[in-house]
Q: 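Handing you this structure, nothing more for now.
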Amino acid sequence: MAHELLKRIRVAVLGVVLAGAAQAATAAESIVLASTTSTEQSGLFAHILPIFEKTSGISVKVVALGTGQALDVGRRGDADALLVHDRAAEDKFVAEGYGSYRRDVMYNDFVVVGPTADPAAVRASSDTSDAFRRIAGKAATFISRADKSGTHAAELRFWKAAAIEPVGQSWYKEAGTGMGPTLNMAAGVDAYTLSDRGTWANFKNRQNLAILYAGDPKLFNPYGAILVNPDRHPHVKKAAAERFIDWLTSDAGREAIASYRIGGEQLFFPSPR
Amino acid sequence: MSGGPGGGAMFPIRVRGLCHAPNGRELLSGVDLDLGDEGITVLLGPNGAGKTLLLRALCGLLVPCSGTLDWGGGARPERGVMMVFQNPMMLRASVLANAVLGLKPLNLSRHDCRGSGMAVLERVGLAHRAHDSARLLSGGEQQRLALARAWLTRPRLLLLDEPTASLDPSATAEVERIVREIRTDGTRILMVTHNLGQATRLADDIVFMSGGRVHEHTPTRRFFSRPQSDEARRFIQGELPWRMSF
Amino acid sequence: MFASTLTDAIRLLATFDHRVAEIVGLSLQVSGGAVVLGTLIGLPLGACIAVGRFPGKSGVSVLINALMGLPSVVVGVVVYLLLSRSGPFGAFGLLYTPLAMVAAQTLLVVPLMAAIARQVVEDAWQRYAEELQVMRFTWWQSVTTLLHDCRHSLLVAVLAGLGRAMSEVGAVMIVGGNIDRATRVMTTAIALETSKGDLPLAIALGIVLIALILALNAVAFGLRHWAMRRYG
């Protein structure tokens, strides 16, 4: 028994050492992709990256942050490519010369999530602005990402469209955290929040939460891929990063994205050509 | 251990007007003392007489507030003075490692240290326990180990602070035997004890201290037969407060 | 809710696969590396502060004690800025690698280990100082002698460092990036699973983490006990 255990420990230690060595060996063939918590936590990368790695031999290391943080990481040159969702900030990033170019990759949509009891009657909303006005009108607790992510940027856009200034209101809680933790908080206190569909679909700790409003074209959530500008950061692995972006927008990549489903539901849609 | 300790002049040691008064409390008030270059001198006196303080001043642990220490016409030599404390410290290591501790500042080779360490343990009767943990030794054995540690550095002056304070008669006899051997090796010894029997057995001369001052410094036999000061007379008759240990 | 989460977690423990072993292995490598460096730097540093006599000694002691509570996130941000491509050490390309995580955790455990070592060595120094002084030990000889003599007590410092390194999440998350199969360790994996609302998996990983730390402590306790009996 003890002997068997020892043997197992030895195998495990060997495995760890080998894993370390393998990591070092493949290090030359990897790129760093700064992306969003929504894509990571929805499980998309776990589905598509192995497909890309098999065909290209390039491993993609994903650092999942809010869109704003991911853009910062790109600005400092700490990533080779970005996959984010805040169109205005992305265009600015490229215009300022931090990125070489931006490509449409895919889209999904935002959903308004809240307690099934729905005290603000968001289910009956006519459009997104109406939904947000109903929440504010009932002073129902709303949890904001407040982390400069793409979802946070979209949420602020929706408040503005509804002509409401939520910041500073007692019912408006700024969490300053990722999508998942924000959903955990909302589930814990029966609050409303805005989520991307991908994270919501893969989220397990829903408790009383449900989708209360979705489907408005305004809730459209496009993701773009950006190559970090090698002229500004010469160490950027241009060839490998471009190969990844090309693959994402190729037929094979589009198919991989479209085939990711949770419970039969497709979460991301390749952008139209 | 063969061959006497070398080095330049160190004796006679002349102590003149040594005072120590921390926070206004006078503990040494003008100690005068002369020490020649051989023999065993025993410091006697009641508790609080300043005996330990004098030893500490001699080995450099105590900086007196006034008075002079003259070592054969110069300053105290860098090496050659060693002290064994009442409760010597023992490292969490083997007996041998503790014995050779004093050699560490000399940067000798490990092999040399080991050889001379074993030799000195042989002489104090601890060779058979060389590889045991020093902290597991009895009080008497620890005191012998501390003597071995000091001896190994070949001091020219060895200061002993009540080396047999809490030992039984046989352990005391063993320590006394080692002290004599160290002296025969050419080391000058100044020791504090409360054991008058021990003083008569070991001492060539006696220094009697009381109240932070030396009252007399005479050969042993004369001290016990014809003490010159009243304090010494009363001390011998057991009228001053001091710990019984013989 | 809590009970069902816990039972789910225990059920998951039975089905752990090599992916989890990889994460556990990386945790041990990163935190182990940081503690080795922390031992080499922190323990002598603490001993030097204990033995040394220099102006501002008490100030340094207070500072080291205060740094024990250094937030790991702060260390993470500082190391991130240093290792970032735009930072002073950017040319090495260490950000988002296990080495960066080792560096951050080393910074985190050095003050903790130094503070404990200072306390332990200072106690021994008070007892040994005079005798070592009479034997003409140099300052550095005293430091090495005391470090060796306190080795069993200093195990506590090593354990504290290991516990801190293995349980912190802020620093490794920022400088490692929690990259799957590259820089994902137990704590960042727990944070991720919590984010995904997969609480049973998060707790299962937490149980593994606690079990590991417990096992390491048990081994160290046994060692110390044995050493105490051996050396007194």
Side-chain angles (χ1 to χ4, degrees), chain A residues 8 11-20 22-24 26-27 30 32-34 37 40-43 45-46 49-50 53 59-65 69 72-79 177-184 187 199-200 202-207 209 228 232-236, chain C residues 1 4-5 8 16 18-30 32-33 77 80-87 89-100 102 173-184 188 191-203 212 215:
Chain A
R8 268 196 199 184
V11 169
V13 169
L14 195 70
V16 167
V17 171
L18 286 181
Q23 217 171 284
T26 55
S30 71
V32 172
L33 176 72
T37 50
E40 166 84 352
Q41 287 168 15
S42 67
F45 284 131
L49 290 184
E53 279 167 28
S59 81
V60 180
K61 297 178 169 178
V62 179
V63 180
L65 307 157
Q69 250 183 310
D72 270 345
V73 163
R75 221 168 266 135
R76 301 185 63 93
D78 293 323
T177 182
M179 194 68 254
T182 304
L183 285 169
N184 274 332
T199 305
W200 169 255
N202 200 31
F203 185 73
K204 298 199 173 74
N205 181 33
R206 293 183 185 177
Q207 302 188 33
L209 295 186
V228 174
R232 194 177 272 267
H233 296 292
H235 57 267
V236 166
Chain C
M1 177 68 199
S4 73
T5 304
D8 283 353
F16 265 165
H18 73 282
R19 292 284 302 280
V20 175
E22 251 177 56
I23 290 172
V24 171
L26 186 65
S27 276
L28 288 174
Q29 279 181 320
V30 167
V77 173
Y80 171 79
L81 290 175
L82 291 174
L83 297 184
S84 166
R85 287 288 184 178
S86 308
F89 302 107
F92 300 107
L94 290 177
L95 195 64
Y96 302 138
T97 66
L99 274 181
V102 171
M173 183 68 99
I174 295 173
V175 304
N178 192 23
I179 297 169
D180 194 16
R181 290 163 183 239
T183 59
R184 183 162 300 164
T188 57
L192 177 66
E193 294 310 328
T194 308
S195 294
K196 284 156 65 172
D198 197 343
L199 304 188
L201 188 51
I203 290 190
L212 256 172

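Atoms considered below: every heavy atom in the structure, side chains included; atoms not considered: hydrogens, waters and symmetry mates. Because the structure is a prediction, the values reported are computed rather than measured. Chain naming here is simple, since letters A, B, ... match the order of the sequence lines and numbering starts at 1 in each.
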Q: Under 4.5 Å heavy-atom distance to chain C, tell me which part of Val73(A) shows up: side chain, backbone, both or neither.
A: both
Q: For Tyr80(C), is there any backbone N or O sitting under 3.5 Å from a side-chain donor or acceptor partner on Ser84(C)?
A: no
Q: Distance-only, no hydrogens or angles: does the Thr183(C) side chain make a donor-acceptor pair with backbone N or O of Gly176(C) under 3.5 Å?
A: yes
Q: Examine whether an atom of Ala64(A) lies under 4.5 Å from a heavy atom of chain C, and if so say whether it belongs to the side chain, the backbone or both; otherwise answer neither.
A: backbone
Q: Which bit of Asn184(A) comes within less than 4.5 Å of chain C, counting heavy atoms only: side chain, backbone, both or neither?
A: side chain
Q: Is there a donor-acceptor contact under 3.5 Å from the side chain of Asn202(A) to the main chain of Gln41(A)?
A: yes
Q: Should Val60(A) and Ser30(A) count as side-chain neighbours, where that means a heavy-atom distance under 4.5 Å?
A: no
Q: Heavy-atom distance under 4.5 Å to chain A: side chain of Leu99(C), backbone, both or neither?
A: neither
Q: Look at Gly90(C), Gly197(C), Ala91(C), Ala191(C) and state which one has the largest set of heavy-atom pairs under 4.5 Å with chain A.
A: Gly197(C)
Q: Which residues satisfy the salt bridge (Lys or Arg N to Asp or Glu O under 4.0 Å) test with Arg184(C), sequence neighbours excluded?
A: Glu40(A), Asp180(C)
Q: Which bit of Asn178(C) comes within less than 4.5 Å of chain A, counting heavy atoms only: side chain, backbone, both or neither?
A: backbone
Q: Could you check whether the rings of Phe203(A) and Trp200(A) sit parallel, tilted or perpendicular, using 30° and 60° as the cut-offs?
A: parallel
Q: Quick check on Val62(A) against chain C: is it the side chain, the backbone, both or neither that has a heavy atom closer than 4.5 Å?
A: backbone
